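Chain identifiers are assigned alphabetically (A, B, ...) following the order of the sequence lines, protein sequences preceding nucleic acid strands; residue numbering begins at 1 within each chain. Computed from a predicted structure; not experimentally measured.
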Protein chains: 2
Amino acid sequence: MPDPETRKMSRIQQRNRHRILDAALDVFSQHGYRGATLDQIAAASGMSKPNILYYFEGKEAIHVALLNALMTEWLAPLHAMDANGDPVTEILNYVTRKMEMSREFPRQSRLFANEIIQGAPRIKPHLESDLKPLFMQKCAVIQGWIDAGHLPVLDPEHLVMSIWAMTQHYADFEAQVHILASDDDASWERAKAHVTGMFRTLLTQPTP
Amino acid sequence: MPDPETRKMSRIQQRNRHRILDAALDVFSQHGYRGATLDQIAAASGMSKPNILYYFEGKEAIHVALLNALMTEWLAPLHAMDANGDPVTEILNYVTRKMEMSREFPRQSRLFANEIIQGAPRIKPHLESDLKPLFMQKCAVIQGWIDAGHLPVLDPEHLVMSIWAMTQHYADFEAQVHILASDDDASWERAKAHVTGMFRTLLTQPTP
DNA sequence: TCGTGTCTTTACCAAATGGTAAAAAACGTG
DNA sequence: CACGTTTTTTACCATTTGGTAAAGACACGA
């Protein structure tokens, strides 16, 4: 069993670990942790079950590896929000980036959604240690913008949650969206326009 | 095996079916369909597994029964949106009602979310036959309001989806919300104020 | 109290599931 | 090629899971 901590991973190890993780992302994002089986992952990756267990300690290790990779990728856009930039631009850029990620990586979004809906049993520590500090820091930045009069008075925490809710909705509830609207590029552009327009309106409303 | 179609159900039958459905709602909403087990439902309901299978055909029948009940309850508030009422009031009432339902029935919201995330395999027909017509009808109503100049120009379909995304987020992602904000009544009121305020701003923006 | 239909339990079962042992195959490198 | 190492396969195993058969407990009107 190769050690992923050690940086020494042969080409074939990297390729197979990647194949497994990609297949597992399919299966976990579609059925949740408990609903996913190693046989499904094996079938989806075109490898045998024991071979998968040669690369990962077990089912949970695969799930954890996916969640770890997810967290860093997922936090990056929020991290990029710059306190010294123009408030409206920074926030709308974040919204746009999140929308694009929902379009590009819907499986990751659903993997995360499954984990959270089911009570975040495996990712809770990460949320506390990684997400929460970043969230609070960025909320403070937004509050600073509000205090400086650059944004209308609103609740930073719930503003950020609104952005998450709206953007991830299009990935997580894709099945429903697909039934009610169409799924082509044109419809997607309308969705993006609606969401960004909505937040633009909210952020540029005349201060009462 | 008693027939739920027939209206003749003894007191004990009604009570036990209800107990099973309540327990199943716990389990399914937490683990999704595939991740839930009959043993968990049995344990949660305080009944034996064969006894549960005396009241329901099988695992899937329980899930379907829950989804059926869910659909009608869930659609009611949207149904109540009145084309002859004041547009802003009607829509904001709908938002408020949805927020309250997320607070009151988070398990139902998560049951639905699990089903949709996983591709809506069992509820898709219902979405087509029940949700879609109602959705399209109400979108037409909103479009009518817009055409009449009673609402700013926006996309009715995505407006409704925004409402769903924002309101259900607080139930579906409760675990995350609980980590980032607190979960007491005060925080809940702030959430409600934020969401309704957000849509009020959107709906009463000065027409450009 | 007896009998009949309703409800519940006990004792199972076949298939699926996460995981293991060990042999076999493939690989890399002197 | 030869030989140690890495990778893959075959053959299992214990537990869990959805579900069943049949016997027992219970309710309740005649």
Side-chain angles (χ1 to χ4, degrees), chain A residues 1-28 30-67 114 118 121-122, chain B residues 1-28 30-67 114 118 121-122:
Chain A
M1 42 166 126
D3 188 358
E5 304 303 322
T6 313
R7 282 289 147 251
K8 293 255 195 156
M9 268 203 286
S10 72
R11 204 57 37 82
I12 199 168
Q13 274 172 39
Q14 279 188 279
R15 178 176 57 84
N16 280 350
R17 282 182 68 96
H18 187 272
R19 271 171 56 184
I20 292 169
L21 288 175
D22 189 66
L25 181 56
D26 272 349
V27 177
F28 280 128
Q30 202 166 81
H31 298 109
Y33 179 74
R34 288 223 46 197
T37 72
L38 284 178
D39 292 274
Q40 286 175 302
I41 297 172
S45 65
M47 298 170 67
S48 69
K49 184 164 61 173
N51 204 11
I52 282 174
L53 291 166
Y54 170 74
Y55 287 102
F56 287 91
E57 296 272 331
K59 183 184 176 182
E60 186 158 353
I62 303 177
H63 196 241
V64 168
L66 282 174
L67 288 179
N114 262 311
Q118 303 182 1
R122 269 164 290 279
Chain B
M1 43 169 127
D3 189 358
E5 304 302 322
T6 314
R7 283 288 149 253
K8 293 255 195 157
M9 267 204 286
S10 72
R11 203 57 36 82
I12 199 167
Q13 274 171 39
Q14 280 188 279
R15 178 176 56 86
N16 279 349
R17 281 182 68 95
H18 187 272
R19 271 171 55 183
I20 292 169
L21 287 174
D22 190 66
L25 182 56
D26 272 349
V27 178
F28 280 129
Q30 201 165 83
H31 297 108
Y33 179 74
R34 288 223 47 198
T37 72
L38 284 179
D39 293 275
Q40 286 175 303
I41 297 173
S45 64
M47 299 170 66
S48 70
K49 184 165 59 174
N51 204 12
I52 282 174
L53 291 167
Y54 171 74
Y55 287 102
F56 289 91
E57 296 272 332
K59 184 184 176 182
E60 185 157 353
I62 304 176
H63 196 241
V64 168
L66 282 173
L67 288 179
N114 262 310
Q118 303 182 2
R122 270 164 289 280

message = Using the side-chain heavy atoms of A/Lys49, tell me which of these nucleotides is nearest: C/dA11, C/dG18, D/dT8.
response = C/dG18
message = How many whole angstroms separate atom CD1 of B/Ile52 from atom P of C/dC7?
response = 15 Å
request  = Both distances under 3.5 Å, Watson-Crick or G-U wobble: on that basis, could you give the dot-bracket string for DNA chain C, with [ ] for crossing pairs and | for other-strand partners?
outcome  = ||||||||||||||||||||||||||||||
request  = Write down the atom of B/Ala42, the atom of B/Ser48, and the distance for their closest heavy-atom approach.
outcome  = CB-C, 4.2 Å
request  = Starting from the C-alpha separation in whole Å, work towards a yes-or-no answer on side chain to side chain contact (heavy atoms under 4.5 Å, CB included) for B/Leu38 and B/Ile62.
outcome  = CA-CA 10 Å; B/Leu38 284 179; B/Ile62 304 176; 4.2 Å; yes
request  = Consider the side chain of A/Pro50, meaning its heavy atoms from C-beta on, and name the nucleotide among C/dA21, D/dA21, C/dC7 that approaches it most closely.
outcome  = C/dA21
ask   = Is A/Thr37 touching bases, backbone alone, or none of the nucleic acid, heavy atoms closer than 4.0 Å?
value = sugar-phosphate
ask   = With a 3.5 Å cut-off and just heavy-atom distances, do the side chain of A/Lys59 and the base of C/dG19 make a donor-acceptor pair?
value = no
ask   = Want to settle it: does B/Asn16 or A/Glu60 sit nearer the 5' end of DNA chain C, counting the closest nucleotide to each?
value = B/Asn16
task = Check the distance between D/dG19's P and B/His63's NE2 and give it to me in whole angstrom.
result = 14 Å
request  = Would you mind telling me which of D/dT20, C/dG19, D/dT9 lies closest to the side-chain atoms of A/Leu53?
outcome  = C/dG19
ask   = How is A/Ala36 classified with respect to the nucleic acid when contacts are heavy atoms under 4.0 Å: base, sugar-phosphate, or nothing?
value = sugar-phosphate
task = Establish, with yes or no, whether the OP1 or OP2 oxygen of D/dT8 is under 4.0 angstrom from a side-chain nitrogen or oxygen of A/Ser48.
result = no
Aromatic plane relationship, B/Tyr33 with B/His63 - under 30° parallel, 30 to 60° tilted, over 60° perpendicular = tilted
message = With a 4.0 Å cutoff (strictly under), does any side-chain N or O of A/Gln13 reach OP1 or OP2 of D/dT6?
response = no
ask   = Which whole-number value in Å describes the distance from A/Leu38 CG to D/dT15 P?
value = 18 Å
Verdict with supporting geometry, A/Tyr54 and A/Asn16, side chain to side chain contact (heavy atoms under 4.5 Å, CB included) = CA-CA 10 Å; A/Tyr54 170 74; A/Asn16 280 350; over 6 Å; no
task = Calculate the interatomic distance between A/Asp39 atom CG and D/dT16 atom P; express it in whole Å.
result = 17 Å
request  = Using only side-chain N and O atoms of B/Tyr55, determine if any of them is under 4.0 Å from OP1 or OP2 of C/dC7.
outcome  = no
message = Just the rounded figure in Å: distance from P of C/dA25 to CG of A/Asn51.
response = 15 Å
ask   = Under 4.0 Å between a side-chain N/O of B/Tyr54 and OP1 or OP2 of C/dC7, yes or no?
value = yes
key: Atom-to-atom span, CZ of B/Phe56 to P of C/dC7 - whole angstrom   = 13 Å
ask   = Atom NE2 in A/His31, atom CD in A/Gln40: separation rounded to 0.5 Å?
value = 5.0 Å
remark   = note: B/Arg17, atom CZ; C/dC7, atom C1'; distance rounded to Å ~ 15 Å
key: D/dT17 OP1/OP2 closer than 4.0 Å to side-chain N/O of A/Arg34   = yes
